A.B. asks: 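Before I ask anything, here is the structure I am working with.
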Amino acid sequence: MSNFIFQALNGLSSAMFLWLVAAGLTVAFGVCGILNVAHGSLYMMGAYFAFTSFQILGLNFWLSLVFALIGAGIIGFLMERFFLRRIYDQPIEFQLILTFAFILVFDNLTKMIWGTMLIIPTMPSLFQGTIPIVGRPFPIYNLFIIFAGIAVGLIIWVILKKTWWGMKLRAAVSQREMANAIGINIPTLFTAAFVFAALLAAIGGALSTPIRVCDSGVGGAVIIPAFVVTVIGGLGSLKGAFVGALIIGVISALCTLYIPFIELFILYLIMAVVLIIRPQGLFGGER
Amino acid sequence: MKKVTGILGIALFLIFIVTPAVNAAELPKVIKIGGQGVTSGSKADYGHQMIMGAQMAVEEINNSGGILGSKVEMKFMDSELKAAVATKNARYLVKDWGAHFLFGIDSSGVSMAMAPIMPELDRILIICHGATHKLTEEAIFKKGLRNTFRISVPTYQDGTLPAMIFKDRPEIKRIASLAAAYSYGYSAWEMFEKTLKKYRPDVEVVGKAEAPFLHMDFTPQLNALMAAKPDLILATPWGGEGLMMLRQATLLGLFEQPWFKVWFQCMGGSIDMAEGLTPDVKSGKFHGKLWATARYLWNWPDTPRNKAFVAKFREKFGRFPNYSAANVHTAIYAFKKAVEQTKSLDTQKLIKALEGMKVQAPDGERWIRPEDHQACYTVPGGNYVYDKSVCPNAFLGNLVVIPWEKYYRNPPDYKLP
Amino acid sequence: MTWLVNILNLSIKSHRFKLVWLGAFIILLFILPLFSGDYLLYMVMQMAILCLLSYSVNLLLGNTGLLSFGQAGFYACGAYACGKVLLAGTSLLPGIIIGVAVAAIVAIILAFFCVRHTAIYFAMITLAFGMMIFSLTQKWVDFTGGDDGLIGIPRASLNFFYIFNIKMDTIPAYYYFVIVATLIAIYILYRILNSPLGLIFQGIRDSETRVSFVGISVRKSRLICFTIAGIYAGLGGALLAPLEQTITPSASHWIASTDPIIATLLGGMYNFSGPIVGSVIYFLLKDIIVRLTMNWMLVLGIIIIILVLTFRGGVMGAFRAYLLPWLKSRLGKEHKNG
């Protein structure tokens with residue numbers, strides 16, 4: 001039983017990375033209508049920028065997170081402003097292929113800039129060590145991740161529900177024409193929303209570096225589980241992304257413990273079942 | 001009339017660009033060698049090390065008169081660790097670019113896919129990394145696909161060597177496996193388990209976990225194994241994944257546990273891992289429990305030849321040579337020796353020359369076994385230490401040297417050692 | 001220049017002239033082995049297989065408006081099934097036929113789940129099924145060989161009811177088989193798309209509601225379309241197995257599904273010859289870029305970005321929309337001047 005709890009807790013911490021990427025993915029879709037297959041690459045850029053500032057430039061951990069956000073934010077801005085904006089009203093195949101091309105570009109660029117050496121920084125001394133949970137040592141850093149993920153969720157909730165900007169965003173999502181009519185600048189809002197989505201992914205990437213090696217292939221690898229999560233939760237729903245991430249993270253971890261050989265299959269099976277029974281996901285509404 | 005000339009012109013043009021001439025009767029002015037390795041993704045360093053090793057070899061050879069006067073030209077392509085890409089590249093390199101010789105290949109799976117097409121392409125392939133014993137024992141020895149050779153140690157290094165090291169340590173009784181979920185991982189564990197049990201029937205397997213490619217989170221597998229409290233874990237995920245796995249293991253406090261004694265990281269001695277592990281080795285996180293081996297270690301043996309190779313490599317590229325670099329370097333020299341002996345590029349003659357050849361590698365002499373084309377040489381195992389005066393990176397110390405005769409399997413019945 | 005414009009003009013307008021082009025192209029394909037090396041033939045075979053896969057995507061996309069992100073799954077089914085059959089020792093045709101049949105069966109089964117959805121959900125669910133097939137090929141080690149896949153698939157000889165037995169070991173021999181099979185398959189598809197069924201498909205793409213008003217079951221038509229698409233993808237896979245003699249799980253990964261999508265977009269979604277043109281260009285692009293630089297992903301990515309942002313009708317669309325009118329206007333000017 002303690003094995004079960006411990007493993008579930010593990011699943012919870014890996015769920016947080018899924019949640020951060022899926023959150024960004026779902027915001028990009030919900031607000032801008034873009035299905036951004038390259039969102040995992042933004043996660044990857046966050047990791048690389050964090051690593052560079054933390055390990056190479058020697059800044060402290062929190063400052064390196066900030067740098068990661070700035071870097072990924074700029075990239076997100078450039079992506080949306082000059083490329084994605086042009087295909088908003090295009091059919092989905094163009095969106096998917098354009099963003100897929102971005103995966104190729106980012107993958108190659110990171111290899112050219114950072115080389116092929118493996119990116120894994122030292123664990124910041126603040127987080128070293130373990131805490132006993134159900135009698136087994138649980139890494140402090142993983143606990144930190146769980147709290148960080150929940151904290152980000154709360155921050156997002158506050159922004160969307162309580163701030164003026166958040167209200168504009170929600171208006172633009174549900175009634176785009178009306179929002180436009182009352183003077184909300186839709187294009188700028190979309191850019192801001194996409195940058196916001198990029199920041200979410202970047203935090204995920206930055207936080208992942210001490211426990212997950214980053215390499216140029218990570219962008220393409222991380223997007224698929226994020227997709228599964230977003231679909232299950234419902235495209236466009238942040239609550240759905242969070243719940244979906246928890247489900248997938250915990251189930252993944254438990255599968256590895258009890259039925260390791262079909263872990264991947266089960267994830268996609270869940271995705272397919274959700275799509276068949278309730279395509280809009282657990283919390284998604286009609287788009 | 002114009003149209004006919006036009007069509008003839010197109011036809012001639014096509015013939016020129018797509019039918020290369022390979023004349024085996026006399027040596028061409030330029031001998032072309034084609035290499036493949038993984039240069040993208042989490043294992044990209046292995047391919048890049050291969051490129052460096054090849055560049056160094058080609059430069060040395062060309063500066064000292066080439067191969068019997070002919071210059072060597074090298075082309076390297078990304079195999080992406082995929083069989084389909086590797087076979088396509090091989091066809092391109094031989095049929096279109098005109099390669100006289102192929103080398104490289106990182107993955108066990110890709111090695112198995114390449115062996116059957118080499119006779120069709122009528123060229124020799126020397127594999128420099130892919131380790132599955134099935135290549136030499138089944139594909140080459142049993143099935144007779146004799147165009148392929150392997151210059152690097154096979155999974156005997158990953159499986160039987162650690163068994164031979166730890167059979168003499170009575171405190172190792174409970175063993176567990178964290179396997180890479182493909183033939184390499186399965187073979188290595190199978191050999192380790194069977195060999196160890198032969199000498200130590202008291203040993204029991206208390207846990208088995210596996211991780212597919214591109215796996216990012218090993219904590220579930222580590223957890224499952226830790227619950228069983230093994231004395232030793234044999235781990236095969238390599239490259240970036242191996243590093244991640246070890247980092248996550250230290251976070252879980254595995255190396256602090258008194259009951260845990262040995263983590264054997266099969267390809268842990270490779271340079272990308274050494275560089276990545278340095279901070280944690282330096283701060284003593286592994287408590288001397290992290291053991292590893294590789295397919296060549298830069299710091300063994302301590303001969304002038306090896307030292308010179310390492311120094312030259314570092315001067316040229318700024319990094320220590322990985323085993324992929326050293327093995328590619330050796331493979332190219334083996335090819336050179338074969339061509340010099342037979343004075344031709346005829347594939348069958350070269351095969352005969354390579355069978356039984358003794359080739360000089362940076363770490364000493366390697367004998368290419370004629371029965372299954374496997375190079376035989378010794379690589380020790382050791383545990384990770386840090387000594388700034390010796391090397392800026394962590395490296396394997398406390399080396400246990402067991403001669404290859406003691407841990408290789410031999411034809412024709414390939415019994416466990 | 002006049003003769004060039006006239007030829008181009010006729011090509012678009014005259015049916016007979018199109019047949020002349022087609023005939024020349026087919027003749028070129030058949031005489032290619034006489035003067036080219038093995039690698040070019042190998043490339044053409046790979047293009048043909050990609051072409052079948054692109055037609056599979058195009059059938060769903062250009063004709064019924066559905067983007068499938070999982071055609072690689074059927075491709076892999078065809079490839080693995082054919083591979084297992086050939087490894088059991090049969091001759092070539094049973095392997096190909098069984099490969100196609102397995103892909104068709106899988107397609108029919110999955111069709112029921114997929115065709116309820118449209119647009120983005122269709123893309124997602126085909127992605128999910130494609131990746132389920134991927135995880136099966138990776139994990140069912142006893143049957144599929146796991147990550148190492150099927151190895152040493154024999155390029156069995158073509159044994160036609162014991163009347164004749166043609167060896168396929170050499171590249172040119174297998175080349176003829178692949179070309180003939182592909183041409184027949186494309187012709188069949190052409191007939192389908194120009195039949196009443198084909199008109200229904202296009203109708204569904206343009207306006208679902210109108211089609212259903214006329215009394216045609218949209219769902220049933222989609223089922224048929226999906227199955228046919230699965231068959232073509234499966235045929236591509238089945239032809240691949242003896243060619244490469246190795247099949248690995250990466251053939252079913254979603255990234256493998258992007259190749260035919262890009263090829264279709266490149267060639268042009270709304271022309272019948274789009275997939276052929278797109279497959280040739282995309283394959284050549286990728287093959288040549290890889291030879292020239294290690295940074296092939298960057299170059300390919302940039303080209304795709306430019307393609308999507310500028311030429312949405314693909315090469316054929318750009319040809320009709322830009323090149324031809326430009327040529328005509330140039331011709332008009334020349335005439336005026338003298």
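Bear in mind the structure is a predicted one, so any value in this text is a computation, not a measurement. Sequence lines set the chain letters: A, B, ... in the order given, protein chains first and strands last, and positions in each chain run from 1. Below, each value reflects all heavy atoms present in this structure, side chains not excepted, and no hydrogens, waters or symmetry copies.
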A.B. asks: Angle class for the B/Tyr46/B/Trp238 ring planes (parallel below 30°, perpendicular above 60°, tilted otherwise)?
C.D. replies: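 Answer is perpendicular, since the angle exceeds 60°.
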A.B. asks: Is chain B contacted by the side chain of C/Met297, its backbone, both, or neither, given a heavy-atom distance below 4.5 Å?
C.D. replies: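 Side chain only.
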A.B. asks: Report the residue from C/Thr170, C/Ile171, C/Val178 that forms a side chain to side chain contact (heavy atoms under 4.5 Å, CB included) with C/Leu41.
C.D. replies: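 So the option named by the test is C/Ile171.
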A.B. asks: Where on B/Leu145 is there a heavy atom nearer than 4.5 Å to chain C: the side chain, the backbone, both, or neither?
C.D. replies: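 Interface part for B/Leu145: neither.
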A.B. asks: Using heavy atoms and a sub-4.5 Å threshold, report which of residues 183-191 of chain B line up against chain C, by residue number.
C.D. replies: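 Contacts with chain C: B/Ser183, B/Tyr186.
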A.B. asks: Is B/Lys88 close to chain C through its backbone or its side chain, or both, or neither, when contacts mean heavy atoms under 4.5 Å?
C.D. replies: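 Contact with chain C is through both the backbone and side chain of B/Lys88.
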A.B. asks: Are B/Leu135 and B/Met114 side-chain neighbours, meaning at least one heavy-atom pair lies under 4.5 Å?
C.D. replies: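 Contact flag for B/Leu135/B/Met114 side chains = no.
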A.B. asks: Do C/Arg291 and B/Asp96 sit within salt-bridge range, that is, some charged N less than 4.0 Å from a carboxylate O?
C.D. replies: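 So C/Arg291 pairs with B/Asp96 through a salt bridge.
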A.B. asks: Check this for me: does any side-chain nitrogen of one of B/Lys95 and B/Glu120 sit under 4.0 Å from a carboxylate oxygen of the other?
C.D. replies: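 No, this pair does not count.
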A.B. asks: Looking at B/Lys316, I want to see if its NZ is surrounded by more than 12 non-hydrogen atoms of other residues, nucleotides or ligands under 6.0 Å.
C.D. replies: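 Yes, because the 6.0 Å sphere around NZ of B/Lys316 holds more than 12 heavy atoms from other groups.
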A.B. asks: So do C/Phe283 and C/Asp259 actually touch side chain to side chain, heavy atoms under 4.5 Å?
C.D. replies: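 Not touching, per the 4.5 Å side-chain cut-off.
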A.B. asks: Using the side-chain contact (heavy atoms from CB on, under 4.5 Å) rule, take C/Phe129 and C/Phe69 through it: C-alpha gap first, then chi angles, then the decisive distance, then the call.
C.D. replies: CA-CA 9 Å; C/Phe129 280 128; C/Phe69 234 95; over 6 Å; no
A.B. asks: Under 4.5 Å heavy-atom distance to chain C, tell me which part of B/Ala139 shows up: side chain, backbone, both or neither.
C.D. replies: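 Interface part for B/Ala139: neither.
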A.B. asks: Contact between B/Met77 and B/Leu93 at the side-chain level, heavy atoms closer than 4.5 Å - yes or no?
C.D. replies: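 B/Met77 vs B/Leu93: side chains touch.
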A.B. asks: Step through the shown structure and confirm whether more than 12 heavy atoms of other residues, nucleotides or ligands are within 6.0 Å of CZ on C/Phe30.
C.D. replies: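 Atom CZ in C/Phe30 is packed in, count exceeds 12.
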A.B. asks: Look at the rings of B/Phe149 and B/His373 and say which category their plane angle falls in: under 30° parallel, 30 to 60° tilted, over 60° perpendicular.
C.D. replies: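 Aromatic pair B/Phe149/B/His373 classed parallel.
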A.B. asks: Can you pull out the residues in residues 240-249 of chain C with any heavy atom less than 4.5 Å from chain B?
C.D. replies: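 Expected list: C/Leu243, C/Glu244, C/Gln245, C/Thr246, C/Thr248.
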